[in-house]
Structure formats: structure tokens, C-alpha cells
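Keep in mind that this is a model prediction, so the values were computed, not measured.
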Amino acid sequence: MADIRVQKEDFSIEDEWGRCRERMAGRGGALVAFTGLVRDLQDDELMGLYLEHYPGMTEKSIETIVENASKRWSLLDVVVIHRVGKLLARDQIVLVLVGSAHRGDAFAACEFIMDLLKTEAVFWKKEIGRRSSRWIESTSDDYSRKVSWSVEG
């Protein structure tokens, strides 16, 4: 089962965790979470981020990532929530929850999903600075992490 959402609203890790546990209905032995945050770089020019997406296409790109993870590992439940719009320092950007019978599958799949979100999910990200703004792209480290999973795309 996968719950994929792209939304402007913040999310509650506690609420999402509880719903994921309920859906696993006692079959799960591991639940791994990753939450991405907007860094608070007070000494820098960065004030926040602005994320845009293409409705329908973005969700499909995330579904493909989750499907690929489900083919590699035995997963019971996956939640991916990615926020869009204007986000300020310390705001939550993304939540990835992966439930499995075993911790190895849950850890690996969570990391895989997050690594591929950085390069394969259809988002456009702009850094908002005090004096200017700029669109940013995935980094060479992001692509190296993707390649480490031996994924085409």
C-alpha cells in the first residue's frame, strides 16, 4: 500500500506514523521515517524555499519510485508526503515512512525512496534569498547516490 501526497499544508509525523502502524495491522516489525527540513542558515542569505510541481506528473513520478522500491524490498506500507509552495527556515518539506516486516528492508527502501526523490520526482525548487532568488537543480552528490542504487532513468 502506498499513500502519496503533494500538498501545501504541513503534516504531522505522529499522525502519519499512527495511521501507517494501523494499516500494517500487526504484520510490521519495522517502521522507518525520514523528514526533510528547510535549513535555518541565519548567517547566509537564504530565507526559505519555493517549490513548484506539475500536478499529476509529480505524483506519477513518485509512484514510480515507490513501485521500484516495492520490487526490491518486501514492504507493507509506504507514505510519501512532499510539500510545495513557499517554505521558511525550519519548515518540514518531505516525509517518507516505510513499513516492513524487517528493519533491513524498511531502512534500505526509505533511503532509496529519498535518494530518488532528489533526482527523479518532478519538482522545481527555488532558493529565496534576502536580496535575490535562484532556481536550483539536483547536485552531483544527489546523482551519485542515485547511481549507487544502480537505477536507470
Side-chain angles (χ1 to χ4, degrees), residues 1-41 46 48-127 136-153:
M1 169 178 266
D3 180 4
I4 296 167
R5 287 177 266 156
V6 176
Q7 62 190 43
K8 288 187 176 189
E9 302 79 24
D10 199 4
F11 50 83
S12 165
I13 298 168
E14 184 177 342
D15 291 348
E16 298 301 331
W17 185 278
R19 284 192 283 273
C20 189
R21 285 189 64 193
E22 285 178 26
R23 286 190 300 269
M24 289 194 301
R27 296 173 293 139
L31 182 53
V32 172
F34 172 84
T35 306
L37 308 170
V38 179
R39 287 189 274 282
D40 186 358
L41 303 175
L46 184 65
L49 298 173
Y50 181 78
L51 286 94
E52 289 186 5
H53 76 297
Y54 191 96
M57 183 183 285
T58 301
E59 291 84 351
K60 179 62 181 158
S61 65
I62 297 170
E63 286 173 16
T64 300
I65 293 166
V66 171
E67 287 169 6
N68 287 332
S70 296
K71 290 175 186 173
R72 294 175 77 132
W73 297 281
S74 179
L75 307 179
L76 297 172
D77 196 54
V78 177
V79 176
V80 178
I81 302 173
H82 206 299
R83 294 182 64 201
V84 293
K86 186 175 181 180
L87 301 171
L88 301 176
R90 301 181 187 185
D91 281 350
Q92 299 180 126
I93 303 171
V94 62
L95 173 65
V96 177
L97 284 173
V98 178
S100 179
H102 304 285
R103 65 177 154 72
D105 286 352
F107 273 115
C110 188
E111 187 172 18
F112 173 89
I113 291 167
M114 193 58 229
D115 284 349
L116 269 69
L117 282 175
K118 298 286 285 182
T119 57
E120 301 301 307
V122 181
F123 288 100
W124 295 272
K125 186 173 12 175
K126 183 189 283 189
E127 287 184 342
I136 57 175
E137 298 181 9
S138 300
T139 66
S140 59
D141 183 56
D142 294 331
Y143 285 105
S144 293
R145 290 185 65 80
K146 174 193 166 189
V147 169
S148 74
W149 294 106
S150 301
V151 174
E152 297 293 323

Shortest non-hydrogen separation from A109 to V98 and the atoms involved: CB-CG1, 3.9 Å
Expected output: side-chain E59 to main-chain G56 donor-acceptor under 3.5 Å: yes
side-chain contact (heavy atoms from CB on, under 4.5 Å) partner of H82, the single match among T58, L51, I4, L95: L51
Flag, side chain of S100 to backbone of A30, donor-acceptor distance under 3.5 Å: no
Parallel, tilted or perpendicular, as decided by the 30° and 60° cut-offs, for the rings of H53 and F123: tilted
salt_bridge(K126, E52) N-O dist < 4.0 Å: no
F11: ring-ring contact (aromatic ring centres under 6.0 Å, His included) partners, not counting sequence neighbours: none
Side chain to side chain, L97 and D77, heavy atoms closer than 4.5 Å: no
Polar side-chain atom of R21 near backbone of G18 as donor-acceptor pair, under 3.5 Å: no
Identified side-chain contact (heavy atoms from CB on, under 4.5 Å) partner of L49 from the options K86, E127, R39: E127
D91 (side chain) donor-acceptor with L88 (main chain) under 3.5 angstrom: yes
NZ/NE/NH1/NH2 to OD/OE distance under 4.0 Å, E22 and R19: no
Donor-acceptor under 3.5 Å (R83 side chain, Q7 main chain): no
